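Reading through the structure tokens given below for one structure.
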Amino acid sequence: MITNPLAIIAIVLGAILLVPMICRKIRIPSIVGFIIVGILVGEYGFGLLPDSSSIQTLGKIGMLYIMLQAGIEVDINDFRQQRTRAMLFGILSFIFPFCLGLLTSKLLGFDWITSSLLGAMYSSHTLMTYPIVSRYGVQKNAAANIAIGGTMLTITLSLLVLAFIRHQQGALSELDQPSTWIVLGKIALTLLLILVIFPKITQRFFKRWSDPTSGFLIIMTMMVVSAWMADWAGLEGILGAFMCGVAMNKLVPNLSPVMQRINFVGNNLFVPLFLIGVGMMIDVSLLWSGWLTLIIAIVMIATKLVGKWLASWIAQKSFKLQGVERQLIFGLTHATAAGTLAIVTIGFEAGIFDAAILNASIIMILALCTSSSFITEYAAKQLALQEEARLEADKIEDSWLMMTVAENRHYELQELGELTELRQPELSSETDWSDAIRLIQAQSKAAIVYHPAQPINTISRILVAVPRYAEKEHDFISCFGLVRRLSSQIGAKVIFFTNEDTQKALQAFCRRKGKYLRAGYREMESWEDALMLAKQMQPDDMIVMINARPSTPSYNPLFDQVPTMLDKFFSHHSYMLVYPEQATGANIPDILTGDSTQASKTWKIVSSLKRWILSFQQR
């Protein structure tokens, strides 16, 4: 056995480097590879590494990281839309394995207490294969949101069963038994801190220190503290890490530099260490140590697979999902590690489980982690190919001009371009508004004038002023998509200020399948009312004004006053002035001779005056 710390570090880092390369060559998921490495180097393999507490501690952080990542990367808009489905699936994913567990355990001759705890163990699952979903970029798929949302409920129900059984068994003495009110108080305090207080602290931190390294450290600190608080309250640490991820969702956009650092450190250090640690606990010799252990393990594996598959199948039929989406849900929700280890360890220490159940549980973890990796890899790959084909079919080669006025904020422009997924925008910095407007009107491409008054990930609401007939602009859909993608990345609520007719068009855009946007609406009959936004502004709000060039359907002469209005009333807030792409050639609408009902009262007067001047010149 190797005891030199440097040699241990060298072996672990070498495995983290080589395993993914080898797994790609032989076409197996790297999750399986890391578990196999853990088996080989651990106490029950070649015994190269000791059962190091350091590896186990870092590995536990890896499990917390997986849950944090799932909470941060979930699309809040889609998650809210899918929350009913997620809760229903969570109930199904608990009931079917639990009931099947009761049945099979009674057939094996176990009593009701043991059978109930085994049922809770079958119901619990761990999102071990979520990094595969994230790697293929399908974490925003409806099936992934349903599986992630259901996980939180399933884990909670399993832990409640565990707490009830421990109470029934009298695991704690009467003097040490906390009252129900104390337990509820601890849970309430934990939820308050994780979901309300910690996000406010982190938001203030980002406003003062916006560099990515500091952002990474504050998020990881909040994750560990949240997990510790959950353990203190009698919940599982992984549940605290997941709630922390959901709470920090809007502060850490998926494409932000902070998220890149979290992904890099987590996927390349913490998660591999966790998987190696799981492998080091597995004793392969148990497979031939006795028929009883092997029979119990086979029953465990079959019970969990059937229960989770039934829940996934009913979810697919009920929610009208594709077959490959059912496979993704099934792959994500039948892997098991942290929850199972917690339940089986507590059950063994309380005398509810014997050594045969403990050993069979370890075998089950190995088998289910392996099968889950293959199924999730296949389903995620198929969904990624479908998404790629859809994007190719819907692909619009938009060209964007992004600029700031009287300030050099190149980094902020790049960050905004990445968050809104603009392809290679042209960046510019103009000395004053007149130069900026001149440059915009000299080109037909879509344009953004951006003023960042605070870090974009600290924005709470996006207030969007939309002029009358903006929906009739040649490329308005791209402007709407810009707002939708930004809202999705930073988790900010969108409120549109517009007239009744344009509001109906926006509501239709917001309800599109796969492009859902949670938005509110306020009445704004004319552009003269745009200053009403100043009265409704809150400290962390951002203003987006949809503008237009002359001779376009939504143009209003009052647009010329927008720069002055922004500098006077909104200079202490972040704002964007967005110009849709202008049609060229045969696609240019004839505004002067077009339908006069498609213009505001102010523009009707201007149009009539222009027609009169043109007719006078022709004479």
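These figures come from a predicted structure and were not determined experimentally. Hydrogens, waters and symmetry mates are skipped; everything else that's a heavy atom, side chains included, is used.
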Under 3.5 Å donor-acceptor, [X] side chain and [Y] backbone:
X      : Y      : answer
Asn267 : Pro131 : no
Ser487 : Ala492 : yes
Ser373 : Cys369 : yes
Thr190 : Ala233 : no
Asp231 : Gly237 : yes
Asn457 : Val252 : no
Ser226 : Ala241 : no
Ser30  : Pro20  : no
Lys304 : Ser124 : yes

Close side-chain approach of [X] to [Y], heavy-atom, < 4.5 Å:
X      : Y      : answer
Val37  : Leu275 : no
Lys317 : Arg326 : no
Leu383 : Tyr136 : no
Met259 : Gln69  : yes
Met222 : Ile201 : yes
Asn145 : Asn141 : no
Phe330 : His334 : yes
Leu64  : Phe270 : no

Using 4.0 Å as the upper bound for N to carboxylate O, is an ion pair formed by Glu325 and Lys320?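 Salt bridge flag = no for Glu325 with Lys320.
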Distance from [X] atom [atom1] to [Y] atom [atom2], nearest 0.5 Å?
X      : Y      : atom1 : atom2 : result
Ile72  : Ile219 : CD1   : CD1   : 5.5 Å
Leu157 : Phe94  : CG    : CZ    : 5.0 Å
Thr333 : Ile146 : OG1   : CD1   : 11.5 Å
Phe374 : Tyr378 : CZ    : OH    : 14.5 Å
Lys200 : Leu251 : NZ    : CG    : 10.5 Å
Asn249 : Gln489 : CG    : CD    : 9.5 Å

Are a donor atom and an acceptor atom from the side chains of [X] and [Y] found within less than 3.5 Å of each other?
X      : Y      : answer
Lys308 : Ser93  : yes
His125 : Thr151 : yes
Thr376 : Thr129 : yes

Please report the closest heavy-atom contact between [X] and [Y], naming both atoms and the distance.
X      : Y      : value
Leu118 : Ser105 : CD1-OG, 3.3 Å
Met248 : Pro199 : CE-N, 4.0 Å
Gly149 : Met87  : O-CE, 3.5 Å
Phe96  : Gly307 : CB-O, 3.6 Å
Pro97  : Thr303 : O-CG2, 4.3 Å
Leu305 : Ser371 : CD2-OG, 4.4 Å

Check against side-chain contact (heavy atoms from CB on, under 4.5 Å), Phe98 and Val161: CA-CA 10 Å; Phe98 184 80; Val161 173; 4.2 Å; yes
Identified side-chain contact (heavy atoms from CB on, under 4.5 Å) partner of Gln316 from the options Leu321, Val324, Ile329: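 Only one of Leu321, Val324, Ile329 forms a side-chain contact (heavy atoms from CB on, under 4.5 Å) with Gln316, namely Leu321.
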Begin with the C-alpha distance, continue with both residues' side-chain angles, and end with the deciding distance and a verdict on side-chain contact (heavy atoms from CB on, under 4.5 Å) for Val271 and Tyr65. CA-CA 7 Å; Val271 174; Tyr65 160 78; 3.4 Å; yes
Quick one, Trp112 with Lys106, criterion side-chain contact (heavy atoms from CB on, under 4.5 Å). Give me CA distance, side-chain angles, the key distance, then yes/no. CA-CA 7 Å; Trp112 282 108; Lys106 291 301 292 180; 3.8 Å; yes
Does the side-chain contact (heavy atoms from CB on, under 4.5 Å) test come out yes or no for Lys250 and Ser460, once each step is laid out? CA-CA 8 Å; Lys250 70 182 237 32; Ser460 299; 4.0 Å; yes
Heavy-atom count check: over 12 atoms from other residues, nucleotides or ligands less than 6.0 Å from Trp309 CH2?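 Counting neighbours around CH2 of Trp309, more than 12 heavy atoms of other residues, nucleotides or ligands fall under 6.0 Å, so yes.
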